[in-house]
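Owing to the predicted nature of the structure, the values given are computational and were not obtained by experimental measurement. So you know, we letter chains A, B, ... as the sequences are listed, proteins then strands, and number each from 1. Computed over heavy atoms, backbone and side chain alike; hydrogens, waters and symmetry mates excluded.
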Protein chains: 2
Amino acid sequence: MKTLSRKDEIISVASHLFNEKGYKAVSMRDIAQAMDIKASSLYNHISGKQEILSEIILKVAEEFTFGMKKVVSENSSAIEKVEKVIEMHIDITVNYSEALAALNNDWMHLDNTDLIAFVKMREDYEENFRSIIKQGIKAGEIKQYHPEVILFSILSTLRTLYLWYQKRGKLDVNILKKDMVSVLIKGIL
Amino acid sequence: MKTLSRKDEIISVASHLFNEKGYKAVSMRDIAQAMDIKASSLYNHISGKQEILSEIILKVAEEFTFGMKKVVSENSSAIEKVEKVIEMHIDITVNYSEALAALNNDWMHLDNTDLIAFVKMREDYEENFRSIIKQGIKAGEIKQYHPEVILFSILSTLRTLYLWYQKRGKLDVNILKKDMVSVLIKGIL
DNA sequence: TAACAAAACTAACGCTTGTTAGTTAGAATT
DNA sequence: AATTCTAACTAACAAGCGTTAGTTTTGTTA
């Protein structure tokens, strides 16, 4: 196991604090204090507060983008693809649960190019998911509900999962996958 | 139609700004500027920034508490109660969509007694919902999934609804209710 | 052990924050 | 007409913010 670089430590500590109070409510002095150093020392490792935020958010956003790309390229039914997306979400949630707080609540504090990049990734992601659902409806695999309502319903649950995962003490991943797939899929078959 | 008091105007403007950027990212000067007055003038109507936040959040939280109390006291099946809860959520979302942003994302910035009161209301609310679901499972109306997973899945969707309602341009309430009830209920029958 | 790099420190900067004090202009009430 | 109320204003405060410059400590390598 590789040891964390000092920069990675900062990002990890910051993720934890952002998760609790949000980006704007956490100061550089807060982050430094949690590491038992002074705020100015942080600047030996990172260029500023913005860099911390964008590293946290964009890293996870890229995971989602990559995962979705993989699912879309697969040769399988729409329902199977939806299952894969659900499982991907759960895997990312388990590995990055604190970063997901920043991604969900603080993305609007990204600046300029990072903000644009993030919004684009998010829109593309949703559009890909929407396509899978539409395909499934057309193929008769999925009920004829408004695709937007199905998309919204599933995505809301997946995007909020990090909160419940943190609260209900780190549930078993495989059980979680099985239950979530059941509950989210059975309703649309 | 009663005209808004100056205090209510402040709360309305603040809700809008909190909805866009979050409580900590909005300054008293921002709120004042949006009303074309100076920040210090706000203090003729409210005691401070904290009061604005707690008025926004607690008012909606009490709506939820009241609505849930009403549903619980009804003499109807578990599934009917779940339907009522969904419809109540949609009604509140339509009437307070901007306040819901603060309730969901900024509740942790409430202080002392307000924070305690809010967390209690939230826990009670979830516990009531959980009971309805457990009843429904015991009565054979609802599938034998883990109650926590059903609770989480439905509640996530309802709690995030305000975001979609804002984005997809104010959908028709009755259509929304019908679709949401279908999608959320059919999966657990 | 001398040299070098990594990572901490102190001190301070200009700016923004929530809030207070004291004042003023206009409207409503007596 | 005199008084009170409402709601705005200017000016300032102490504290906190992100960040920079320059210096010192720490640990590794030659």
Interatomic distance where CG belongs to L42(B) and C1' belongs to dT17(C) [whole Å]: 14 Å
Is R159(B) paired with E126(B) through a side-chain N to carboxylate O contact shorter than 4.0 Å? yes
Nearest to side-chain heavy atoms of K38(B), which nucleotide of dC9(D), dA7(C), dT19(C): dC9(D)
Considering only heavy atoms and no angle criterion, is a donor-acceptor pair shorter than 3.5 Å present between the side chain of S40(B) and the base of dT19(C)? no
Does R130(A) pair with E127(A) as a salt bridge, N-O distance under 4.0 Å? yes
It should be established whether S41(A) places a side-chain nitrogen or oxygen under 4.0 Å from OP1 or OP2 of nucleotide dA7(C). no
Rounding to a whole Å, what distance do you find between M28(B):CE and dT16(C):P? 18 Å
I'd like to know if D106(B) and K24(B) make a salt bridge, using a cut-off of under 4.0 Å between side-chain N and carboxylate O. no
Y125(B)/H89(B) aromatic ring centres below 6.0 Å: yes
Could you tell me the separation between the CG atom of D8(A) and the P atom of dA7(C), rounded to a whole number of Å? 12 Å
Would you call E148(A) and K167(B) a salt bridge, using N to O less than 4.0 angstrom? no
Please pick, from dG18(D), dA7(D), dA8(C), the nucleotide with the shortest atom-to-atom distance to any side-chain atom of Y43(A). dG18(D)
Is any N or O donor-acceptor pair between the side chain of N44(B) and the base of dA8(D) shorter than 3.5 Å? yes
For dC17(D), take OP1 and OP2 only and decide whether either is under 4.0 Å from a side-chain N or O of S27(A). yes
Should H45(A) be listed as having a side-chain N or O under 4.0 Å from OP1 or OP2 of dA8(C)? yes
Is the base of dG16(D) touched by the side chain of R29(A) through a donor-acceptor pair closer than 3.5 angstrom? no
Gap between atoms CD and P, on E51(A) and dT20(D) respectively (whole Å): 12 Å
Between M35(B) (CE) and dT6(D) (C1'), how many Å, whole number? 14 Å
Nearest to the side chain of R6(A), which nucleotide is it out of dT19(D), dC9(D), dA8(C)? dA8(C)
Atom-to-atom span, CG of L53(A) to P of dC17(D) - whole angstrom: 17 Å
